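Quantities reported herein were computed from a predicted structural model and do not represent experimental measurements. The basis for the numbers below is simple: all heavy atoms, side chains too, and nothing from hydrogens, waters or symmetry mates. Order of appearance sets the numbers: ligands from 1, and atoms from 1 within every ligand.
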Amino acid sequence: MSFPSQVRVFEMSPRDGLQNEPGELITTAVKIELINRLSACGLSHIEAASFVSPKWVPQMGDASEVMAGITRKAGVTYAALTPNLKGVESAFAAEVDEIAVFSAASEAFTQKNINCSIAESLARFEPVLEAARNKGIKVRGYVSTVMGCPYQGDVDPKQVAQVANALYAMGCYEISLGDTIGVGTPLKAKRMLEAVNRDIPMNNLAAHFHDTYGQAIGNLYAVLEEGLAVVDASVAGLGGCPYARGASGNVATEDVLYLLQGLGIETGINLQDLINTGDWITRQLKRANGSKVALALGAQHEQK
Ligand SMILES: CC(C)(COP(=O)([O-])OP(=O)([O-])OC[C@H]1O[C@@H](n2cnc3c(N)ncnc32)[C@H](O)[C@@H]1OP(=O)([O-])[O-])[C@@H](O)C(=O)NCCC(=O)NCCSC(=O)C[C@@](C)(O)CC(=O)[O-]
């Protein structure tokens with residue numbers, strides 16, 4: 001295989017990046033400004049919100065207000081997570097462009113994350129997919145814990161492939177493979193991708209790697225080399241999963257961009273604008289910037 005000529009970066013920070021932020025609730029205004037800044041950087045796909053139970057994930061409780069407040073840029077897809085029909089109804093009312101369902105390759109994680117078994121989660125997604133089909137809205141499918149589970153440990157690539165196949169057969173246009181706790185290594189990432197790619201075309205797969213062990217860029221290099229062309233990332237490496245203790249954020253978007261530029265792969269995203277956005281949001285949240293590239297290149301501090 002060879003590297004793709006183009007890569008689509010799916011920005012996760014407003015959802016995966018903020019859902020687990022400890023302490024006070026992040027204001028709706030900050031979320032809206034983050035999303036608007038991200039679209040101004042040239043990102044074409046932004047996961048803007050999550051229509052889940054606010055009892056489970058309080059930081060996402062203002063999803064409708066966030067969607068109502070953003071300035072929609074032409075050509076940008078604003079997506080949201082929807083675990084069930086209730087979430088879908090709210091997401092449709094908020095006029096999201098695309099929705100996503102999420103399950104996992106590990107039973108234990110699925111139980112902790114969405115309070116049901118893998119089989120039950122898939123059954124729950126059937127009406128979600130049907131509703132989306134009727135409305136002409138695309139659905140993305142996530143498989144979490146593709147390279148290891150915080151509760152179960154090792155995860156068999158065959159199990160990842162099985163869940164990915166079920167989501168794909170159901171009608172998800174793209175399957176995003178989540179290394180939720182960032183335990184993967186490049187060889188493991190390759191083997192896992194090979195197992196999934198047996199039945200699902202590479203064009204329908206995405207990498208969603210967390211950087212807990214500092215392996216995410218290496219893992220991405222490995223799967224890009226196999227031809228995978230969609231990468232989920234989060235500005236400043238924001239994030240962590242509420243149901244995976246110790247999990248750090250997605251790989252930083254700035255670091256992914258630097259890697260892609262080094263490979264000569266165009267994305268249409270402005271790196272300096274992204275660095276400034278990561279700098280801005282980390283100052284809002286009073287947390288450290290998780291992007292090595294941002295730290296190396298330095299941000300142009302704004303006066304806000
Ligand atoms: C799935 C449920 C709802 C089941 O939760 P449950 O408690 O089993 O479900 P329920 O139907 O009994 O509902 C409980 C309460 O939540 C309400 N509710 C129910 N659904 C909704 C909804 N859509 N929107 C708003 N409210 C909702 C419902 O109305 C009820 O309210 P009450 O009657 O008690 O007042 C819950 O477990 C949940 O919301 N889980 C979300 C977990 C989550 O968001 N995790 C993080 C995202 S996944 C992730 O980060 C991984 C990923 C994607 O990034 C990939 C990777 O890195 O691996």
Side-chain angles (χ1 to χ4, degrees), residues 10-21 47-65 67 79-94 96 99-106 108-118 120-125 127-128 131 139-152 155 160 163-164 167 172 174-184 189 192 205-212 216 219 230-234 237-251:
F10 211 128
E11 176 61 32
M12 293 285 133
S13 57
R15 195 279 301 171
D16 209 350
L18 301 184
Q19 70 183 7
N20 196 35
E21 195 60 23
E47 199 160 82
S50 184
F51 291 89
V52 297
S53 165
K55 287 183 185 145
W56 285 66
V57 186
Q59 286 290 13
M60 294 288 107
D62 58 351
S64 300
E65 291 78 7
M67 292 305 301
L81 288 192
T82 54
N84 52 21
L85 264 184
K86 190 178 169 87
V88 169
E89 281 158 19
S90 308
F92 287 176
V96 302
I99 60 172
V101 293
F102 50 104
S103 190
S106 128
F109 183 82
T110 310
Q111 211 46 259
K112 294 268 186 203
N113 194 32
I114 48 177
N115 205 23
C116 62
S117 67
I118 297 172
E120 283 165 341
S121 76
L122 297 173
R124 203 182 269 175
F125 299 154
V128 169
V139 185
R140 209 173 189 234
Y142 285 99
V143 184
S144 286
T145 63
V146 298
M147 289 194 266
C149 167
Y151 311 106
Q152 160 192 319
V155 171
V160 180
V163 180
L167 290 171
C172 291
E174 185 166 283
I175 308 300
S176 179
L177 301 163
D179 183 14
T180 314
I181 52 170
V183 286
M192 182 276 299
L205 295 172
H208 180 104
F209 295 163
H210 287 253
D211 202 27
T212 320
N219 295 344
V230 184
V231 175
D232 297 357
S234 176
L238 293 182
C241 177
Y243 301 103
R245 216 151 65 86
S248 70
N250 281 118
V251 60

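Ligand 1 places these atoms under 4.0 Å from at least one heavy atom of F51: 22 (C), 23 (N), 24 (N). Of all the atoms in ligand 1, the ones that sit under 4.0 Å from a non-hydrogen atom of G87 are 23 (N). Atoms of ligand 1 lying under 4.0 Å from any heavy atom of K55, numbered from 1 in the order shown and given with element: 31 (O), 32 (P), 34 (O), 35 (O). Taking every non-hydrogen atom of N84 and a distance limit under 4.0 Å, the qualifying atoms of ligand 1 come out as 3 (C), 19 (C), 20 (N), 21 (C), 22 (C), 23 (N). For ligand 1, the atoms sitting less than 4.0 Å from at least one non-hydrogen atom of H208 are 54 (O), 55 (C), 56 (C), 57 (O), numbered in the order shown with element in parentheses. Which parts of ligand 1 touch L81 is read off a 4.0 Å heavy-atom cut-off, strictly below it: atoms 47 (C). Taking every heavy atom of N115 and a limit of under 4.0 angstrom, the matching atoms of ligand 1 come to 6 (P), 7 (O), 8 (O).
Residue contacts with ligand 1, taken as heavy atom pairs separated by less than 4.0 Å, do not involve Q111 at all. Contacts of N250 with ligand 1, taken as heavy-atom pairs under 4.0 Å, are absent altogether. Heavy atoms from both the backbone and the side chain of T180 come within less than 4.0 Å of ligand 1. Counting heavy atoms closer than 4.0 Å to ligand 1, residue V52 contributes atoms from both its backbone and its side chain. Here M12 has no heavy atoms under 4.0 Å from ligand 1, in either its backbone or its side chain. Only side-chain heavy atoms of R15 come within less than 4.0 Å of ligand 1; its backbone N, CA, C and O stay farther off. With a heavy-atom cut-off of 4.0 Å, M60 does not touch ligand 1 at all.
Considering both main-chain and side-chain atoms, F102 never comes within under 3.5 Å of ligand 1 through any nitrogen or oxygen pair. The N/O atoms of D179, backbone and side chain alike, include none that comes under 3.5 Å of an N/O atom in ligand 1. Considering both main-chain and side-chain atoms, S50 never comes within under 3.5 Å of ligand 1 through any nitrogen or oxygen pair. The distance criterion of under 3.5 Å between nitrogen or oxygen atoms is not met by P83 with respect to ligand 1. For ligand 1, the polar-atom distance check finds an N/O of S144 within less than 3.5 Å of one of the ligand's N/O atoms. When only interatomic distances are considered, the shortest N/O to N/O separation between Y142 and ligand 1 does not fall below 3.5 Å.
Remark: the backbone N or O of A189 is not paired with any side-chain donor or acceptor of N219 at under 3.5 angstrom. Q111 places a side-chain N or O within 3.5 Å of a backbone atom of C116 that can act as its donor or acceptor partner.
Counting heavy atoms from C-beta outward, L18 and L238 have side chains that approach closer than 4.5 Å. No side-chain heavy atom of V155 sits less than 4.5 Å from a side-chain heavy atom of F109. Residues P83 and V128 have side chains not in contact (no heavy-atom distance under 4.5 Å, counting atoms from C-beta outward).
Compare R124, E120, R140 by their heavy atoms: the one nearest to atom 1 (C) of ligand 1 is in R124.
Nearest heavy-atom pair, V143 versus A105, reported as atom, atom and distance to 0.1 Å: CG1-N, 3.7 Å. The two atoms that bring A104 and I118 nearest to each other are O-CD1, 3.3 Å, heavy atoms only. Residue L85 comes nearest to A131 through the heavy atom pair CD2-CB, 4.1 Å, listed as atom of the first residue, atom of the second, then distance. Taking every heavy atom of both residues into account, S64 and A94 meet most closely at CA-CB, 4.5 Å. In terms of heavy atoms, V101 sits closest to T82 at CG1-O, 3.7 Å. Of all the heavy atoms in T145 and P150, the pair that sits closest is CG2-CD, 4.1 Å.
Scanning for side-chain contact (heavy atoms from CB on, under 4.5 Å) contacts around A206 gives R140, E174, S176, V230, D232, with sequence neighbours left out.
Within the 4.0 Å heavy-atom shell around ligand 1 one finds P54.
The side-chain tip of R15 points at the ring of Y142 from less than 6.0 angstrom away and within 45° of straight on.
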